[in-house]
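Positions are given from 1 along the sequence.
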Amino acid sequence: VCRRRRSLTPREQHQSWTDDLPLCQMCGVGTAPNCVYGPDGKGTQSHTNEDGHLRFRGEDGCFLYGVFNGYDGSRVASFASQCLTAELLLGQLNSSHTDNDVRRILTQAFDVVEKSYFETIDDALAEKANLSNYLPPHNENVSFHHSSQSQKVQDRLKELEQEVSGGATAVVALILNNKLYIANVGTNRALLCKSSSDGQNQVLQIGRPHSTDNEDELQRLAALGVDSARVRQAGQIAGQSSTRRLGDYPVKFNYNEIDLLSAAKTRPIIAEPEIHGSQSLDSVTGFLLLMSEGLINALESAHGPEQANQEIVAMVAAELAQQSSLEAAAQSVVDRIKRLHHDVYVSGRQRATYCSRHEDMTLLIRTLNYTLADGALTPTQGGRIYPVSVPYSNSQSTSKTSVTLSLVMPSQGTLTNGTNTASTLEEGTPTPGQSPTATLQSTNTQTQSSSSSSGDGSLFRQRGSQAAQPDETGRVPPYVDFSQFYRLWGSDHSDGQSTQGGLGPQ
């Protein structure tokens, strides 16, 4: 499809491909542009937003979602999102397809996107090669007339260089026959959160990023003759941490000129997706998250990578419990991560050095049989759920310390109209004296390491509907008793490090 319509301009092509497709209403997207902080903590945007996303409802119970992280321009991300939609939702998929059919069609679609994109820059590449012949060799003296000509040529070459460079990574989710398929190229992330009737949230990261510390990817590169130890040490290939990407002409076609890749026997950086699924969504209640690399990195820079998945799920669950629209919930989560990241930078604390800038951020939430709040009321008489960051240690991943991942803020009396609404985080209606708790169990499909935390909410003492009154500085007296939390945590980590990690009153 992408190639058949080449006679139209890209914009006309794109619009004609996807114009009539309905957007999915069970989905919300939040975004934030990149940001570099100055010494005063003020942020400035260093380039236009290069992320992209898609969320369409096809025919025959088919849904398509994607998040694209573009770099060196947004051309590849926007081309890929348009072209993939055209390759997957214009009749190619139907409910009679088997898992193998779906995987084959997905892989094929990514291949067409890659080839079609390079076709769109053919003319620019030809002009670039042609103009390069007009530049005089460096050591020749040139007349004034020639020097102004060669300046024009150089300017045009710079424009063309920009036109042909740039790439994107992609994570795509397809739902067909109520089965979920994830296709991933690069370093974005897909999380599936399943809520069970007892209030447990199981968090499943589907697949691992294709990055310079992915063992399978390093082995793949080593088999091509690349020195994988050097790649791991460098942490980046031509400015990006991904080992699979869409586009990026210089890396795909001139890899022998790139020091790290020059020994490769064939093209080392590929656009082939890794496909996971199908995973049945029958009787699943919860949500699917697609996150761009920029969003993940911002949260991990601010709080460390150990609990990032659980934290983001807790934030999403909290926002879904109080927002009436998915769009508002997704945007609130992105805004919250942006604030967290900024606050760590201005705090000057240990992790501040990692937080001087962040890239574009995109979060896509797709609910699965999940009822949203009505917006007016939230659990516990209008109380507001705030996720709590939980100290975490890899060596203690089997620890059964009781830790709950949310607490409820008592609301001001004016919000209360005497009714309780059920928390979407767990079954049943919480009573005013008891705060609802969302407990999380995390499983990584690759490493099979699972850690679970459960609790009875006793760590967070709540003062019912007596709203705390702010003092003259606008602060409220503390109303959460963390003493049991510190005691449990300390006994679990009794290696003399209890003062590390920002524990206890600062």
For the residue pair [X] and [Y], confirm or rule out a side-chain donor-acceptor distance under 3.5 Å.
| X | Y | result |
| --- | --- | --- |
| D51 | S292 | yes |
| Q323 | E319 | yes |
| R244 | N184 | no |
| E293 | T169 | no |

So which of M361, H358, K338 actually passes side chain to side chain contact (heavy atoms under 4.5 Å, CB included) with L295?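 By the side chain to side chain contact (heavy atoms under 4.5 Å, CB included) criterion, L295 pairs with just one of M361, H358, K338: M361.
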Under the criterion side chain to side chain contact (heavy atoms under 4.5 Å, CB included), which of T285, V313, L204, I365 is the partner of C193?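 Of T285, V313, L204, I365, side chain to side chain contact (heavy atoms under 4.5 Å, CB included) with C193 is met by V313 alone.
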Using side-chain heavy atoms (C-beta onward) and a distance below 4.5 Å, is [X] in contact with [Y]?
| X | Y | result |
| --- | --- | --- |
| E50 | N69 | no |
| M315 | L363 | no |
| R357 | S46 | yes |

Contacts of S280 that satisfy side-chain contact (heavy atoms from CB on, under 4.5 Å) - sequence neighbours left out: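 Testing S280 for side-chain contact (heavy atoms from CB on, under 4.5 Å), a comparison that skips the adjacent residues, returns D282.
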Quick one: does E114's side chain have a donor or acceptor within less than 3.5 Å of a partner on G247's backbone?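 Checked: pair present.
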N188 side-chain N/O to L290 backbone N/O, donor-acceptor pair under 3.5 Å: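 No, the answer is negative, given that no donor and acceptor are paired below the 3.5 Å cut-off.
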Pairs flagged by salt bridge (charged side-chain N to carboxylate O under 4.0 Å, His left out) wherever residues 74-83 is involved - sequence neighbours left out: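 Qualifying pairs, neighbours excluded: none.
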For residues 172-210, which residue pairs qualify under ring pair (Phe, Tyr, Trp, His ring centres under 6.0 Å), counting only residues two or more places apart or in two chains?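 Found none.
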If you count heavy atoms of other groups shown closer than 6.0 angstrom to CD of E59, is the number above 12?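 Not more than 12 within 6.0 Å, no.
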Holding to ring-ring contact (aromatic ring centres under 6.0 Å, His included), I want the full list of residues that pass it with [X], two or more places apart in sequence or in another chain.
| X | result |
| --- | --- |
| F287 | Y370 |
| H342 | Y37 |
| F63 | none |

